[in-house]
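Worksheet: one structure, shown below.
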There are 2 protein chains.
Amino acid sequence: MKTSDDQILKAYRLRSTASRSDILRLFVQRGYALSYSDIEKEISSTYDRVTVYRTLKTFVDKGVVHKVLDNEGVLKYALCNDHCSHTEHHHEHTHFKCLRCGHTECISDANIPAVVLPKGYQAREFNLLIQGICPKCE
Amino acid sequence: MKTSDDQILKAYRLRSTASRSDILRLFVQRGYALSYSDIEKEISSTYDRVTVYRTLKTFVDKGVVHKVLDNEGVLKYALCNDHCSHTEHHHEHTHFKCLRCGHTECISDANIPAVVLPKGYQAREFNLLIQGICPKCE
DNA sequence: GTAACTGCAAAATATTTGCATCCTT
DNA sequence: AAGGATGCAAATATTTTGCAGTTAC
């Protein structure tokens, strides 16, 4: 059975396997960034830990997901959207973490205005983490 | 022997112990953010791992240092400067990571301009990680 | 003197590696 | 068929906890 997840995998030239489909589906369904342990909670009974680790690494390498940094230093992963996938030319990322529900999502249409850096610093890439209250928790 | 590190400890109402002084001195000398393992490399022979972990946790709790997020998901710690220490009212932080030397430092005089968020999102705190080339590596 | 700090041992977590087997293309 | 992906076992790495002894104030 082909699902839309498999379409995504195919688009990234990844073999379509059960674990990849399931993990990918989890990202799509949730819509926010997931940490390794978030994923493990859902599917560790189904798939081996190692498989989850390797799947995430593969996804990052191929650009299916990207790393997101939580305020507490927890590494999470989020689906890449049109702005960040396919090209390596995106130089900024904004993520929003809700202080109530704790979910982190990509904010692709929030441009980071120019930042004035001290003399001598050359900026190449921007990563902004905004914390606050999301619409659902308001 | 009283050093300036002890003054800092005293200012934060922390007991002045050898491990705290040494770890604090390391931050002062380096001037950039250090990860746990950076610190361990220098002083694990002198102090126990556990002591280093606990010292870092104490420093964060008391506001001597704050957490800094590396682009790769590595958690680092940086000395708090006047802008972030003592008060809990700082709502933004900018860090610069050099792509050449890999060092991360606090940029306290780079204000983050207003960011336009999608409707319904309320921002409270900003954390910006800028990556590029620092003056020393230029 | 007392509460706080440290070191040691050990537990709990987290992540990685090697290899044989299985599956997608 | 062949290369890639998975599962299992086990090695490594990372972080935390308990407790007894030590130290700063």
Gap between atoms [atom1] and [atom2], on [X] and [N] respectively (whole Å):
| X | N | atom1 | atom2 | result |
| --- | --- | --- | --- | --- |
| A/Y53 | D/dA13 | OH | C1' | 11 Å |
| B/L75 | D/dT16 | CG | P | 10 Å |
| B/K57 | D/dT14 | NZ | P | 17 Å |
| B/Y77 | D/dT14 | OH | P | 13 Å |
| B/I43 | C/dT6 | CD1 | C1' | 13 Å |
| B/I39 | D/dT15 | CD1 | C1' | 14 Å |
| B/K41 | D/dA13 | NZ | P | 13 Å |
| A/D38 | C/dA14 | CG | P | 11 Å |

Nucleotide by nucleotide, nucleotides 2-11 of chain D touches protein heavy atoms under 4.0 Å in the pattern (B base, S sugar-phosphate only, - none) -BBSBBBB--
Rounded to the nearest 0.5 Å, what's the gap from CD on B/E92 to CD1 on A/I130? Could you check?
-> 11.0 Å
Distance, nearest 0.5 Å, that separates CD1 of B/I43 from OG of B/S19 | 7.5 Å
Are A/L69 and A/V65 connected in a single hydrophobic cluster, I mean Ile/Leu/Val/Met/Phe/Trp/Tyr linked by side-chain heavy atoms less than 4.5 Å apart?
-> yes
Hey, are A/S21 and A/D5 close enough side-chain-wise for a donor-acceptor pair under 3.5 Å?
-> no
Ring centers of A/Y121, B/F96 separated by less than 6.0 Å = yes
More than 12 heavy atoms from other groups under 6.0 Å of NZ on A/K62 | no
